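One structure below.
If you're wondering where the values come from, they're calculated on a predicted model, not measured in any experiment. Because only heavy atoms are used, hydrogens play no part in the values below, and waters and symmetry mates are left out as well, while side chains stay in. If you read the sequence from its start, that first residue is 1, and numbering goes on from there.
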Amino acid sequence: MLRQASRLLGRTTTLRGCRSFSSEVPATASEDSTFIELWKKMIPNIEPPKTPSSFMAPRPQTPTSIPTKLTVNFVLPYASELSTAEVDMVIIPATSGQMGVLPGHVPTIAELKPGILSVHEENDVKKYFLSSGFAFIHENSVADIVAVEAVPVDHIDPSLVQKGLAEYTQQLSSATTDLEKAEAQIGVDVHSALNAALTG
């Protein structure tokens, strides 16, 4: 079987009659007219069932030009920090590194790590410390940022951060089980990110 793998992988194949996969929602709701016609012939006294596409809202139109503002929705499990806020740029702490998002950004999904979310509106910059979460950047210049926990940077006490960092560093060095090491490492990572946010 492995001997044939290179031959099979090297062969170009074309599939006829197959649709390409797509995650895009259609611009207008559509029905499978063939299915509906067959249903009405076979079972005329019962309405046809709803299909998943009938429940999907039409996708927003893609702008023909790049907007001047980015619309940001920033939510936590218990509150909405920003709702349809029109801003110039956001910088998010993605696991792959700091990611700047401007209007017209390519659609992206990014996992967030502990770090600073910066929201830039002209000369005003709001900074939040995030524990983790996800950012969804849509093609219509809308950014949805969902965080597990967040706090404005100016509400953080630097002395408590230093104290917590020292405690978790000590716990990490004295940990004996994998669970203790993992919990201490999370504490060190979060407090190191908090410390970096306050000093840098």
| request: Please check if Val148 and Leu82 belong to a single hydrophobic cluster, counting links between Ile, Leu, Val, Met, Phe, Trp and Tyr side chain heavy atoms closer than 4.5 Å. | output: no

| Thr177: partners by side-chain contact (heavy atoms from CB on, under 4.5 Å), with sequence neighbours left out | Leu179, Glu180

Mind listing the side-chain donor-acceptor pairs of residues 158-168 below 3.5 Å, one per line with the distance, residues two or more places apart or on another chain?
| unit_1 | atom_1 | unit_2 | atom_2 | d |
| --- | --- | --- | --- | --- |
| Ser159 | OG | Asp157 | OD1 | 2.9 |
| Ser159 | OG | Asp157 | OD2 | 3.3 |
| Gln162 | NE2 | Asn195 | OD1 | 2.6 |

| Which residues share a side-chain contact (heavy atoms from CB on, under 4.5 Å) with Ser174, sequence neighbours left out | Gln170

| task | Find out if a path of hydrophobic residues (ILVMFWY) with successive side-chain heavy-atom gaps under 4.5 Å connects Leu130 to Leu198. | result | no

| said: A side-chain contact here means heavy atoms from C-beta on lying under 4.5 Å apart; do Ile145 and Tyr128 qualify? | reply: no

| Atom CG of Asp124 with >12 non-hydrogen neighbours under 6.0 angstrom | yes

| said: Is there a path of hydrophobic side-chain contacts, each under 4.5 Å between heavy atoms of I/L/V/M/F/W/Y residues, joining Phe136 to Val142? | reply: no

| Which atom of Ile156 lies closest to which atom of Phe129, heavy atoms considered | CD1-CB, 3.9 Å

| Who passes side-chain contact (heavy atoms from CB on, under 4.5 Å) against Thr84, sequence neighbours left out? | Thr71, Asn73

Please report, to 0.1 Å, the donor-acceptor pairs under 3.5 Å made by any side chain of residues 95-123, with sequence neighbours excluded.
| unit_1 | atom_1 | unit_2 | atom_2 | d |
| --- | --- | --- | --- | --- |
| Thr108 | OG1 | Val106 | O | 2.9 |
| Glu121 | OE2 | Lys69 | NZ | 3.1 |

| query | Nearest 0.5 Å, what's the CG-CD distance between Leu172 and Glu183? | reply | 11.5 Å

| query | Is there a chain of hydrophobic side chains (I, L, V, M, F, W, Y, each step under 4.5 Å between heavy atoms) that links Leu70 to Ile66? | reply | no

| note | Correct closest heavy-atom pair for Phe74 and Ala147 would be CE1-CB, 3.9 Å

| With under 30° as parallel and over 60° as perpendicular, where do the rings of Trp39 and Phe35 fit, or are they tilted in between? | tilted

| Who are the side-chain hydrogen bond (donor to acceptor under 3.5 Å, both in side chains) partners of Gln171, not counting sequence neighbours? | none

| query | Do Glu149 and Leu76 come close enough that some side-chain heavy atom pair is under 4.5 Å? | reply | no

| Distance in Å, Ser131 OG paired with Asp189 CG, rounded so as to fall on 0.5 Å steps | 12.5 Å

